[in-house]
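Structure, as structure tokens:
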There are 2 protein chains.
Amino acid sequence: MTQVPQISDAEWEVMKVLWAKSPCTANEVIEVLESRTEWKPKTVRTLLNRLAQKEAISYTLVHKVYAYFPLVSADECVKSETDSFLKRIYGGAFKPLLVNFLKEEKLSPEEIKELKNILDDKSK
Amino acid sequence: MTQVPQISDAEWEVMKVLWAKSPCTANEVIEVLESRTEWKPKTVRTLLNRLAQKEAISYTLVHKVYAYFPLVSADECVKSETDSFLKRIYGGAFKPLLVNFLKEEKLSPEEIKELKNILDDKSK
DNA sequence: CTAGTTAGATTACACTTGTAATACATTCAT
DNA sequence: ATGAATGTATTACAAGTGTAATCTAACTAG
């Protein structure tokens, strides 16, 4: 079932960059991440290597430099992470998560309205 | 701010037992987890120790045996995990998660209705 | 051509986690 | 009182992670 590989927190940041735009050279990734994190360039390169090893990404030579691109889609990964998160924390049920969010007042009235619209669309 | 400590996947299983009923002796926890997991008793004891070290739980002597109990509430931990999950995967926004769920057809019509009711209640 | 710069490969190192085993201390049964 | 059992403490050990530094090969500017 072509499982998606385990992607750690730090690696996830790198994936986000590549999902947003790829292929991307190491330096391009480094540059994007410099604004968001405190990571040294070498750190980002390590993460790229690890992702390539676990076959979450791959690369080709472009103008004598590697250009990296994802092998797994954001959708697949998000789905897999969400599933395991829900299973771990909420026993697989979505409703408690929503209830929890509402309890925590995390949603503005506008958002609530929006969510209702989504649900309405879906039930049609 | 009393941050909740980092609780790993395996540790989370132990916390669930203690949140469900506590105080609990090590053997009681072990017994509950034997039905749900393949863990050896020693493994569960390790997890109890680690949780005590990170002050997620504590214990007292009861009839010459330790009885363990949580120091952090399930609510706190669930909230903290959910926040960091959403931040990591969905950039902190709840809506994409719901959209994703609907896209994946994870929700039955009944569940959708239920969710709508929850939202209705909330917006009143 | 030679030295500095740079991209990529290799190595580092401590902390966490999963998964226990071993060692020690106390209690119970005889 | 002694040995067996049981609860607790200490130790183990590899894989994964965060966070890089060092080494090497190639490229570029003089």
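Convention: sequence-line order gives letters A, B, ...; per-chain numbering from 1.
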- Compare side-chain N and O positions of Y66(A) against OP1 and OP2 of dT6(C) and report whether any pair is under 4.0 Å apart. no
Would you list the atom pairs, donor with acceptor, under 3.5 Å between side chains in residues 32-43 of chain B and any protein atom, with sequence neighbours excluded?
residue, atom, partner, partner atom, Å
S35(B), OG, V32(B), O, 2.6
T37(B), OG1, L33(B), O, 2.8
T37(B), OG1, W39(B), N, 3.2

- Task: Starting from C1' on dG8(C), measure out to CD on Q53(A) and report it in whole angstrom.
- Result: 14 Å
- Query: Just how far, in rounded Å, is C1' of dA9(C) from CG of L51(A)?
  - Reply: 17 Å
- Item | Distance-only donor-acceptor check, side chains T60(A) and Y68(A), under 3.5 Å | no
- Interatomic distance where CG belongs to L48(B) and P belongs to dT10(D) [whole Å]: 16 Å
- Interatomic distance where CZ belongs to R45(A) and C1' belongs to dA12(C) [whole Å]: 18 Å
- Give the rounded distance in Å between these two atoms: NE2 of H63(B) and P of dG7(D). 15 Å
- Could you encode protein contacts along nucleotides 17-30 of chain C as a string, one character per nucleotide from 5' to 3', using B for base contact, S for sugar-phosphate-only contact and - for no contact, with a heavy-atom cut-off of under 4.0 Å? BBBBBBB---S---
- Message: Quick one: does any side-chain atom of E76(A) pair with a main-chain N or O of S73(A) as donor and acceptor, under 3.5 Å?
- Response: yes
- Could D75(B) and K79(B) be called an ion pair, given the rule that one side-chain N must be under 4.0 Å from one carboxylate O? no
- Message: Between K16(A) (side chain only) and R88(B) (backbone N and O only), is there a donor and an acceptor less than 3.5 Å apart?
- Response: yes
- Counting distance only, does the side-chain N/O of K54(A) pair as donor-acceptor with the main-chain N or O of Q6(A) below 3.5 Å? yes
- Note on the structure: E13(A) atom CD is separated from dG18(D) atom C1', nearest whole Å, by 13 Å
- Query: For residues 22-32 of chain B, which residues have at least one heavy atom under 4.0 Å from DNA chain D?
  - Reply: N27(B)
- Query: With distance as the sole test, does E13(A) use its side chain to make a donor-acceptor pair with the main-chain N or O of A10(A) at under 3.5 Å?
  - Reply: no
- Provide the closest heavy-atom pair for E81(A) versus F85(B) in the form atom of the first, atom of the second, distance. O-CE1, 3.7 Å
